[in-house]
Amino acid sequence: MSRKAKMYAISSVVFFTAVLFVVSVLYMEQSIIKYKKDLEKESLRTSSFVLNGLLHSFEKRVSDILLKEDLSVSRLDELNQEFLQFCSFVVWMDLDGNVVKDLGKLPTDDLYNDLLVQTVLYEDYGTFLTDLYPLSEGLQIRTATILQSSEGEDLVFVSGTMLPKEFFSEVERVTQRKAFFVSKAGEIFGEGFAVDKGVLKKASESHSPEIHLTTDGKLLSVIAVFDFQEWNLRGFLINYLQIEPFKKSIFRLQLVGFFLFLVSSISLVVGILVVARKGARGLRFLPLFSFPLFLTVLYIFIFQIPGTMQREYANYVESTTKVLSDWGKIYFENRRFEDVKRLMNVQVMLSQNGNIVLSTFGKGISRTLEKWRSSYEIGNVEVGKVRVNKVDFTYWKMSSGERTFIVLKEETPLVNSVARVRLLGVIVVAVFVTFLWIFSFAIKNAERPRFLRATLIGYIFLAPALIHLIWWAVGPVAFSMILAFQRWNVVDPAKPFVGLDNFRELFRDKLFWNAMKNTALFSLQVPISMFLSLLLAIAVNRPTKSMALLRTVYYLPVVTAGVSTTIVWRWIFNKDFGILNYVLGIFGVPKIPWLTSPNTALIAIMLLSIWQSLGSQMVIFLAGLQSIPQAFYEAASIDGANRFQRFSKITLPLLKPTTMFVLITSVIGSFQVFTPVYVLTQGGPLRSTDVVFYHIWEAAWIELRMGYAAAQSWMLFLVLLVLTYFQFKLFGKESWQQYF
């Protein structure tokens with residue numbers, strides 16, 4: 001290798017590893033921060049859970065006193081004194097809004113016309129409604145109900161208390177994030193600051209957490225807080241943390257990556273120097289020197305980035321455990337399961353004596369619980385993992401007597417994020433292997449610059465077609481491979497990674513294997529259609545005036561729209577009015593229910609397919625016949641060979657490559673039959689025409705199970721691959737070598 005070539009090689013390696021490093025570093029930061037933002041939304045939900053827990057706690061304390069006491073008008077003063085131990089005001093009113101008794105400082109003179117009180121007037125006795133009110137002196141919790149006194153009077157009860165200042169420090173303790181509240185009017189409660197109005201508006205419109213990064217490096221998560229009717233906006237609960245410490249931890253990971261890429265680059269440069277000294281024989285050492293770069297890519301994309309995501313998720317699980325340990329009991333004792341589901345974006349189940357008696361899952365899903373794996377306990381909460389409907393969940397268990405409350409959080413976002421990172425790692429490895437192959441080719445031909453230049457120019461001209469092929473062929477194939485390992489449903493936003501579960505289900509699916517059996521039976525028409533098309537090709541392989549017209553007539557079914565011709569054949573196969581039964585009836589054959597009997601429906605589709613494929617197969621055989629030199633037939637005739645001998649000894653052997661091509665493409669086509677089945681029978685009757693391609697379509701577009709359909713497609717691909725291999729072996733090497 002010349003000095004110039006060596007410098008080019010070293011420069012290429014350094015440039016490639018530098019690009020790979022930059023891509024890895026940028027993707028590392030982007031993917032981890034994106035996942036961090038998603039977790040911030042979930043952490044904010046735990047803060048909202050604590051806030052609502054305070055409201056429920058206050059409501060429960062009030063209701064416990066009211067529902068166990070004798071509500072006599074003469075005892076209201078005594079009751080008020082008991083309430084003032086934890087309330088800032090108490091007021092009793094009649095149904096007209098006249099104050100019967102009150103104590104403490106009322107928040108407003110017109111409390112009767114407050115929406116909370118007006119709503120209580122239309123509720124049943126003993127129904128408690130609680131809401132949050134931003135006031136100038138702080139956040140106030142109010143609860144109201146309507147009760148009947150022992151004297152028979154209807155009384156409206158309203159009480160309130162100020163949200164304890166410890167609330168924000170409590171949120172910080174369990175979530176490790178600062179918290180504050182911003183009212184609808186813009187008042188700030190807690191250690192907060194002004195927040196961009198656009199972010200607040202977006203949070204109020206979306207009714208879900210929003211993330212915003214401020215110019216001074218604060219990562220805000222904002223959620224709108226609405227009234228008890230979930231209609232009127234009260235304000236915004238906000239969590240925030242400084243992003244810089246988190247970015248510093250990412251930077252430390254990037255430094256590790258930089259060191260690994262530097263070592264890998266040096267190793268590759270050493271490999272180039274070894275190849276330069278040993279010549280082409282040294283190329284076998286190049287994979288060895290490139291191995292450190294291969295390990296670096298695997299480490300970053302398979303272990304480092306996913307490991308960081310999993311640690312962040314573990315921190316979220318731990319903080320959620322603390323929240324449930326402190327506040328979960330309030331929700332579960334009052335059976336506020338829907339509140340838990342809504343606030344924390346989880347599923348909830350109630351188990352009694354080991355049996356599920358209540359669940360927010362869909363009907364029947366609770367019975368799919370399997371593989372409980374306990375991890376640790378914090379307080380009275382057990383944390384672990386469980387599979388529900390083949391999807392991983394994190395669970396939190398809290399026991400109270402014979403009852404067990406179970407909160408389940410789907411791990412799909414984490415699993416999918418990790419899977420995307422690892423998929424990118426596989427792509428990077430593929431790019432690296434491609435680079436190594438191109439690099440080895442360039443080194444091997446380093447002394448032939450004109451050849452390398454010509455090769456480069458050739459691939460530049462091929463680039464548009466290659467890019468098109470990769471984008472529209474390789475891309476969809478790769479995407480279908482991803483789908484095959486996911487529970488990918490069009491209407492379900494969650495797309496969990498399920499591993500080999502789709503393929504396990506496939507092997508247990510009797511309907512799929514019935515479809516595969518029907519497809520194999522349908523493929524028996526291929527030899528028949530090939531034999532007939534070969535006879536047609538021989539018949540029209542004559543230089544007469546009518547041959548051009550006959551060839552056109554025979555080829556017409558190929559270029560005619562498949563759906564329209566299939567509809568015509570539906571009438572041909574009609575039991576009562578079809579022309580086929582009419583012709584057979586002339587010979588005394590009784591009427592045959594071609595499309596309505598399980599015994600004949602598949603045969604009918606085979607007849608239609610034979611007719612449709614005759615033209616294309618005939619043209620290919622005709623091309624093969626016309627490529628055979630006429631001198632062979634003339635020599636055979638001189639030697640006394642008859643027509644059958646010429647056909648068997650000359651035509652058939654020399655048509656082997658053509659026959660192999662027709663057979664392979666026809667078998668593949670028969671395994672992909674769809675239009676006749678879709679138009680004529682829809683897989684019936686009794687699934688006698690349910691072929692594998694129609695079965696895949698049904699799984700994808702009727703059941704909307706794209707992941708399972710992709711798994712079936714890959715199984716079909718493997719079957720066709722095996723069949724094609726055996727067909728190659730059957731015809732021998734001399735039949736297919738001319739195609740390569």
Side-chain angles (χ1 to χ4, degrees), residues 35 38-39 42 302-303 306-307 309-321 324-325 328 332 337 340-341 344-400 402-423 482-489 492-509 703 705-708 710-711:
Y35 186 70
D38 292 339
L39 282 184
E42 300 305 317
I302 306 299
F303 299 104
M309 291 178 172
Q310 288 163 346
R311 284 192 297 273
E312 290 297 320
Y313 182 75
N315 293 335
Y316 159 74
V317 171
E318 184 177 346
S319 66
T320 303
T321 308
L324 289 172
S325 177
F332 295 127
F337 301 114
V340 177
K341 177 181 178 180
M344 299 192 68
N345 191 27
V346 294
Q347 301 292 342
V348 183
M349 293 192 302
L350 173 62
S351 171
Q352 192 157 349
N353 296 323
N355 298 316
I356 305 296
V357 295
L358 185 145
S359 173
T360 58
F361 275 115
K363 188 176 180 181
I365 299 252
S366 300
R367 293 195 292 268
T368 64
L369 292 164
E370 58 177 340
K371 297 181 181 178
W372 294 86
R373 303 185 299 278
S374 177
S375 298
Y376 58 87
E377 291 187 11
I378 295 180
N380 62 336
V381 180
E382 175 190 324
V383 186
K385 296 183 183 296
V386 65
R387 300 204 86 198
V388 185
N389 195 25
K390 302 177 182 178
V391 179
D392 289 329
F393 280 75
T394 298
Y395 75 81
W396 294 266
K397 276 187 182 180
M398 289 150 284
S399 298
S400 177
E402 296 178 346
R403 296 184 303 174
T404 301
F405 305 101
I406 308 169
V407 177
L408 301 106
K409 181 74 173 179
E410 189 173 348
E411 293 185 1
T412 297
L414 170 67
V415 173
N416 286 354
S417 296
V418 170
R420 281 193 293 270
V421 172
R422 288 176 173 162
L423 175 64
I482 296 170
L483 290 186
F485 296 98
Q486 288 184 303
R487 191 187 67 190
W488 211 98
N489 191 304
D492 187 356
K495 308 290 190 289
F497 178 81
V498 294
L500 296 173
D501 284 354
N502 285 328
F503 292 95
R504 294 192 189 100
E505 182 180 351
L506 182 65
F507 283 104
R508 295 192 297 265
D509 187 354
E703 302 172 9
R705 301 176 63 195
M706 298 295 179
Y708 186 55

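The analysis underlying the following values was restricted to heavy atoms, covering all of them including side chains, and did not include hydrogens, waters or symmetry mates.
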Would you check if the side chain of Asn416 reaches a backbone N or O of Lys495 as a donor-acceptor pair within less than 3.5 Å?
yes
(Q) Whether the side chain of Asn502 engages the backbone of Ala484 through a donor-acceptor N/O pair (distance < 3.5 Å, no angle test) should be reported. (A) yes
Sorted by chain and residue number, the side chain to side chain donor-acceptor pair (under 3.5 Å) partners of Arg420 (sequence neighbours excluded) come out as Ser417
Those residues that, when tested against [X], pass side chain to side chain contact (heavy atoms under 4.5 Å, CB included) (two or more places apart):
X	value
Tyr376	Val317, Glu318, Thr321, Ile378, Val383
Pro306	Val418, Val421, Arg422
Asn489	Val491, Asp492, Leu704
Asn345	Glu42, Arg45, Lys409

Please examine the side chains of [Y] and [X], heavy atoms only from C-beta on, and report whether any two atoms are closer than 4.5 Å.
X	Y	result
Met706	Gln486	no
Val407	Met344	no
Asp501	Arg487	no

Working to the nearest 0.5 angstrom, can you tell me the gap between [X] [atom1] and [Y] [atom2]?
X	Y	atom1	atom2	answer
Phe393	Ile406	CZ	CD1	12.5 Å
Phe497	Ile482	CZ	CD1	10.5 Å
Leu500	Phe507	CG	CZ	10.0 Å
Tyr313	Thr320	OH	OG1	8.0 Å
Glu377	Ser374	CD	OG	6.0 Å

I would like to know whether Leu408 and Thr394 meet side chain to side chain contact (heavy atoms under 4.5 Å, CB included); could you show each step before the answer?
CA-CA 6 Å; Leu408 301 106; Thr394 298; over 6 Å; no
Please identify each residue that fulfils salt bridge (Lys or Arg N to Asp or Glu O under 4.0 Å) with [X], with sequence neighbours left out.
X	answer
Glu382	none
Asp392	Arg387
Glu703	Arg705
Lys397	none

Evaluate Lys385 against Glu411 for side chain to side chain contact (heavy atoms under 4.5 Å, CB included), listing each step before the verdict. CA-CA 9 Å; Lys385 296 183 183 296; Glu411 293 185 1; 2.5 Å; yes
Contacts table for residues 347-359: side-chain donor-acceptor under 3.5 angstrom, sequence neighbours left out:
| from | atom 1 | to | atom 2 | distance (Å) |
| --- | --- | --- | --- | --- |
| Gln347 | OE1 | Thr360 | OG1 | 2.8 |
| Ser359 | OG | Phe361 | N | 3.0 |
| Ser359 | OG | Ser366 | OG | 2.7 |

Review point. Got a sec: does the CD of Glu402 have more than 12 other heavy atoms crowding it under 6.0 Å?
Key: no
Contacts of Phe405 meeting ring-ring contact (aromatic ring centres under 6.0 Å, His included) (sequence neighbours excluded), chain-then-number -> Phe332
Those residues at least two apart in sequence (or on a different chain) that pass ring-ring contact (aromatic ring centres under 6.0 Å, His included) with Phe485 are Phe503
What do the steps show when you test Tyr708 against Leu506 for side chain to side chain contact (heavy atoms under 4.5 Å, CB included), and what is the final call?
CA-CA 8 Å; Tyr708 186 55; Leu506 182 65; 4.0 Å; yes
- Task: Apply the test side chain to side chain contact (heavy atoms under 4.5 Å, CB included) to residues Glu370 and Val386: give CA-CA distance (whole Å), side-chain angles for both, the deciding distance (0.1 Å), then the verdict.
- Result: CA-CA 6 Å; Glu370 58 177 340; Val386 65; over 6 Å; no
